Protein chains: 2
Amino acid sequence: MATQRLTKQRKAITEALRSQENFKSAQEIHALVNLNGETIGLSTVYRNLTEMFEARDVDMIIGTDGESQYRLCSNGHHHHLTCTNCGLAIEITGEALEVWAKQVGIDNGFTEIAHTLEITGICRACKNT
Amino acid sequence: MATQRLTKQRKAITEALRSQENFKSAQEIHALVNLNGETIGLSTVYRNLTEMFEARDVDMIIGTDGESQYRLCSNGHHHHLTCTNCGLAIEITGEALEVWAKQVGIDNGFTEIAHTLEITGICRACKNT
DNA sequence: GATTAAATGGGAATGATTGTCAATAAGCCT
DNA sequence: AGGCTTATTGACAATCATTCCCATTTAATC
């Protein structure tokens with residue numbers, strides 16, 4: 001169905017993502033790609049990020065202002081500890097949390113239980129500024 | 001500073017919120033209020049919901065589509081177990097989680113630690129449909 | 001009732017995201 | 001290599017929640 005052609009645009013987007021440590025908005029990714037010489041349509045960036053998210057190649061979070069942000073992600077379920085000042089994002093895993101969340105759902109008669117968790121704060125570097 | 005006048009618009013919005021059990025978008029609140037006879041501007045609804053959120057009179061969550069949703073809230077910090085089908089929202093508290101989240105932040109050198117957590121699933125009623 | 005600043009409303013403006021569709025090009029076949 | 005098929009692209013229009021603007025209204029005070 002999805003024959004997944006490897007276009008230069010897709011490569012450029014992946015490259016831009018690889019060069020970034022933390023979450024960036026689609027618009028920022030678009031700007032980054034175009035800075036590198038290529039000229040890629042905004043629609044294309046959105047389409048690819050969405051596809052990559054669905055393929056679980058990138059992580060997506062919705063920021064406090066409702067803007068979606070993306071980042072290449074390691075495999076497996078995890079959460080983030082994000083600095084609200086500089087955007088530094090550290091991956092967090094917590095087996096206990098996973099179990100607890102599922103149990104809460106079950107206790108209330110829910111099925112197909114999923115959860116999202118974001119921890120935020122000010123990182124050490126930003127605090128000393 | 002904020003003299004907080006008790007306008008009939010604000011009353012109507014509070015009334016609409018009181019009549020709803022679960023999270024509703026600003027647009028839905030607006031529709032609800034206008035159904036009850038009053039004619040209130042959309043800007044006013046947004047302004048008041050934002051103020052009420054800042055005053056911690058209402059809970060706000062950002063849905064998966066980036067739309068903000070509001071609900072009158074009981075006091076204190078808590079999370080929600082939400083049915084993705086019907087919108088049923090159950091308040092959850094978990095001391096262990098709070099402690100864990102804060103500890104994760106501290107372990108990584110963060111300060112001013114906050115967190116958001118949403119658990120979702122299909123509630124019993126929706127499952128049997 | 002008069003005064004005054006807070007609050008309203010509605011229409012325009014913003015800004016992210018999605019839709020459209022003709023033009024382009026990746027991968028396959030020979 | 002050349003041709004074919006169809007996934008993919010890109011420029012622009014369209015959508016939609018939310019915010020902005022500002023003249024008008026009105027709650028609270030005296």
Side-chain angles (χ1 to χ4, degrees), chain A residues 1-17 20 22-55 57-71 87 118, chain B residues 1-17 20 22-55 57-71 82 87 116 118:
Chain A
M1 182 153 281
T3 319
Q4 278 297 63
R5 290 178 182 172
L6 186 58
T7 64
K8 70 175 181 229
Q9 288 87 345
R10 191 162 302 169
K11 275 185 215 158
I13 292 170
T14 304
E15 207 48 50
L17 281 169
Q20 297 302 312
N22 300 137
F23 286 91
K24 298 289 170 190
S25 70
Q27 313 262 350
E28 286 173 316
I29 302 288
H30 178 242
L32 272 171
V33 169
N34 286 0
L35 266 184
N36 296 347
E38 318 274 351
T39 304
I40 292 185
L42 187 53
S43 317
T44 304
V45 174
Y46 272 103
R47 246 188 323 244
N48 277 290
L49 286 174
T50 302
E51 283 167 12
M52 291 163 101
F53 170 65
E54 283 168 356
D57 290 329
V58 302
D59 257 354
M60 183 192 76
I61 60 178
I62 299 183
T64 49
D65 57 351
E67 196 177 10
S68 299
Q69 305 194 279
Y70 303 84
R71 190 178 75 160
E118 296 297 328
Chain B
M1 184 153 282
T3 318
Q4 279 296 64
R5 290 181 183 170
L6 187 57
T7 64
K8 69 175 180 228
Q9 288 88 343
R10 190 163 302 170
K11 276 185 215 160
I13 291 170
T14 304
E15 206 48 50
L17 281 169
Q20 296 303 120
N22 300 137
F23 285 91
K24 298 290 170 191
S25 70
Q27 315 261 350
E28 286 173 316
I29 301 288
H30 178 241
L32 272 171
V33 169
N34 286 358
L35 266 183
N36 295 348
E38 319 274 352
T39 303
I40 293 185
L42 188 52
S43 316
T44 304
V45 174
Y46 273 103
R47 243 187 326 242
N48 277 290
L49 285 175
T50 301
E51 283 168 11
M52 290 163 100
F53 170 65
E54 284 169 353
D57 289 330
V58 302
D59 257 354
M60 182 190 76
I61 60 179
I62 298 182
T64 50
D65 57 351
E67 198 178 9
S68 300
Q69 305 195 279
Y70 304 83
R71 189 179 76 160
T82 311
T116 61
E118 297 296 329

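In this text, all values refer to a predicted model and were calculated from it rather than measured experimentally. No hydrogens, no waters, no symmetry mates; every other heavy atom, side chains included, goes into these values. In the text below, chain A, chain B and the rest are named by the order of the sequence lines, each starting its count at 1.
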Original post:
Rounded to whole angstrom units, what separation is found between the CZ atom of Arg10(A) and the P atom of dT24(C)?
Top reply: 20 Å

Original post:
Whole Å only: how far is the CE atom of Met52(B) from the C1' atom of dA7(C)?
Top reply: 15 Å

Heteroatom pairs (N/O) under 3.5 angstrom, protein to nucleotides 16-18 of chain D:
residue, atom, partner, partner atom, Å
dT18(D), OP1, Ser68(B), N, 2.9
dT18(D), OP1, Ser68(B), OG, 3.4
dT18(D), OP2, Tyr46(B), OH, 2.5
dT18(D), O5', Tyr46(B), OH, 3.3

Original post:
In whole Å, what is the span from the NZ atom of Lys11(B) to the C1' atom of dA6(C)?
Top reply: 16 Å

Subject >> Leu32(A) versus Ala16(A), closest heavy-atom pair with distance >> reply: CB-CB, 4.3 Å

Subject >> Whole angstrom value for the distance that separates C1' of dT17(C) from CE of Met60(A) >> reply: 12 Å

**OP:** Select base, sugar-phosphate, or nothing to describe what Asn48(A) touches, counting heavy atoms under 4.0 Å on all strands.
**Re:** sugar-phosphate

Original post:
Is any side-chain heavy atom of Ile61(B) less than 4.5 Å from a side-chain heavy atom of Thr116(B)?
Top reply: no

Original post:
Going through the distances and angles, do Asp57(A) and Glu51(A) end up as a side-chain contact (heavy atoms from CB on, under 4.5 Å)?
Top reply: CA-CA 9 Å; Asp57(A) 290 329; Glu51(A) 283 167 12; over 6 Å; no

Original post:
Are side-chain heavy atoms of Ile40(A) and Lys8(A) found at a separation under 4.5 Å?
Top reply: no

Look for any protein N or O under 3.5 Å of an N or O in nucleotides 20-24 of chain D and output each such pair with its distance, or none.
residue, atom, partner, partner atom, Å
dC20(D), N4, Ser43(B), OG, 3.0

Original post:
Do Thr14(B) and Lys11(B) touch side chain to side chain, with heavy atoms closer than 4.5 Å?
Top reply: no

Original post:
Do Arg5(B) side-chain and dA7(C) base share a donor-acceptor contact under 3.5 Å?
Top reply: no

Original post:
With no hydrogens and no angle check, is any side-chain donor or acceptor of Arg10(B) less than 3.5 Å from a backbone partner on Arg5(B)?
Top reply: yes

**OP:** For Asp65(B) and dT15(D), give me the distance from atom CG to atom P, rounded to whole Å.
**Re:** 18 Å

Subject >> Step-by-step side-chain contact (heavy atoms from CB on, under 4.5 Å) determination, Leu42(A) to Gln27(A) >> reply: CA-CA 8 Å; Leu42(A) 187 53; Gln27(A) 313 262 350; 4.1 Å; yes

Original post:
Between Ile13(A) (CD1) and dT8(D) (P), how many Å, whole number?
Top reply: 12 Å

Original post:
Within a strict 4.5 Å, meaning less than it, do heavy atoms of the Asn22(B) and Gln69(B) side chains meet?
Top reply: no

**OP:** Ignoring backbone atoms, establish whether Gln9(A) has a side-chain N or O less than 4.0 Å from OP1 or OP2 of dT8(D).
**Re:** no

Original post:
Contact class for Thr7(A) vs. all strands (heavy atom < 4.0 Å): base, sugar-phosphate, or nothing?
Top reply: sugar-phosphate

Subject >> Euclidean distance, atom CG of residue Leu6(A) to atom P of dT9(D) [Å, nearest integer] >> reply: 10 Å

Original post:
Are Arg47(B) and Thr44(B) close enough that a side-chain donor and a side-chain acceptor fall under 3.5 Å?
Top reply: yes

Original post:
Once you round it to whole Å, what is the distance between C1' of dT8(C) and NE2 of His30(B)?
Top reply: 12 Å

